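Everything on this sheet refers to the single structure shown next.
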Amino acid sequence: MDDRPLERGRAWIEVELNALAHNLSDIRSKIPVGCQIMAIVKANAYGHGVKRIAEQMVKEGIEAYAVATVTEGIELREHVPEGSILVLGRTPPDDAKWLFNNKLSQLVMDGAYAKSLNETGYKLNIHIAIDTGMHRLGMEPSNLDEIKSIYDYDNLIIEGIGTHLSSPDSLTKSDVDFTNQQIEKLTEVVNVLKEKGHNTGKLHAQSSYGIYNYPGLKFDYVRPGIMMYGVKSLDDETKIKTDLRPVLSLKAVISQVRWIEAGESVSYGRMYTTGKPAKIATVGIGYADGLPRQMSNNGGKAIVKGRKVPIIGRICMDMLMLNVTEIQHVEAGDIVTLIGKDGDEVIHCEDIAGAANTITNDVLSGLSGRLPRIYI
Ligand SMILES: *Cc1c(COP(=O)(O)O)cnc(C)c1O
């Protein structure tokens with residue numbers, strides 16, 4: 001064993017691989033027969049550490065994956081020897097050899113890009129992106145000639161076609177109508193292509209909320225990200241009920257505990273002032289670890305010795321302060337839970353996202369490389 005400082009010495013992430021396995025089987029039980037999971041493991045598997053997450057997914061029989069970049073694809077290929085890996089972002093044609101050598105599939109968003117990939121001379125697997133209303137990547141369904149042209153290139157092997165839904169999380173009538181239109185547009189394009197004799201391959205549209213709220217759709221793949229990790233993007237209502245368990249916990253160690261007088265301020269900018277004498281604990285985790293600075297003075301909490309206490313004052317780069325006046329025995333070296341369970345208390349990643357005015361996808365993918373990932 002190599003000798004280095006304690007993994008649980010300052011701040012760390014705990015990843016429960018059993019929870020991931022449980023979530024995958026829960027998702028599988030809720031999608032139509034014949035539909036497969038394309039596991040989204042971009043951004044270091046949403047901060048969980050792509051190596052161990054991918055190894056577990058392979059064990060659970062996941063055969064399709066997607067990442068954001070060619071570099072993520074190359075890294076993932078080391079842990080996924082057989083499965084398909086789709087690169088969702090634009091890989092420069094000059095990097096086509098990396099796609100080819102690592103058997104990565106590339107998402108193709110327009111005819112010009114298809115042409116330039118074809119001209120590289122590498123035989124490449126691709127999926128076609130249709131823009132049905134998100135207006136991020138893809139071709140308008142009305143540009144049928146452009147879409148069809150892609151099927152004629154000798155070097156491009158078309159594995160599938162998909163779209164991305166812009167508001168599958170919303171259950172308001174206008175958003176539901178819009179989403180149904182997106183689904184219809186994709187279905188229509190695919191039907192036309194099939195009539196013209198093209199093999200369109202695998203069809204896919206649903207990210208996590210597409211699975212939650214459009215469970216009747218029978219496409220070939222679903223593309224869950226956040227839900228595999230056992231959390232929602234926010235604490236919102238969904239059509240189907242799931243039994244998902246958070247995979248990740250975030251913990252840190254108290255550096256110092258001390259009393260300060262009434263009327264004293266805490267941290268940068270003196271945003272927090274004590275009303276009465278207060279016991280303050282300084283904790284070794286900050287925004288450089290990915291804990292959002294925006295949740296300073298916005299209801300952020302932590303758990304110490306099984307009790308919830310408030311984060312007070314501004315979160316610093318590497319530290320934050322808690323008001324632990326109500327806790328009798330607390331000292332340097334004690335463990336603080338920022339996300340996860342301690343005793344009867346729990347802080348959900350959704351709570352952090354809410355306090356930071358963002359979504360859990362942002363919080364988890366922002367957890368920094370400085371935090372050791374510990375797998376249990
Ligand atoms: C990130 C992403 C997903 C997964 O989204 P979640 O909301 O995390 O489930 C699916 N499809 C595409 C194209 C994506 O970019």
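Because the structure is predicted, anything quoted here is derived from the model rather than measured. Atoms within each ligand, like the ligands themselves, are counted from 1 in listed order. In this chain, numbering begins with 1 at the start of the sequence shown.
Protein residues are said to neighbour a ligand when one of their heavy atoms lies under 4.0 Å from it; for ligand 1 these are Ile40, Lys42, Tyr46, Leu88, Arg136, His164, Ser207, Ser208, Arg223, Pro224, Gly225, Ile226, Asn361.
Thr132 and Gln182 form a side-chain donor-acceptor contact under 3.5 Å, judged by distance and modelled atom types alone. Counting only N and O atoms by type, the side chains of Ser233 and Asn361 include a donor and acceptor under 3.5 Å apart.
For Phe219 and His204, the ring centers sit 6.0 Å or farther from each other.
Under a cut-off of 6.0 angstrom, the local environment of NZ in Lys279 is crowded, with over 12 non-hydrogen atoms contributed by other residues, nucleotides or ligands.
In this structure, Lys232 satisfies the cation-pi test against Tyr212, with its NZ or CZ atom closer than 6.0 Å to the six-membered ring centre and inside 45 degrees of the ring normal.
At distances below 3.5 Å, at least one donor-acceptor pair connects side-chain atoms of Asn118 with backbone N or O atoms of Asn155.
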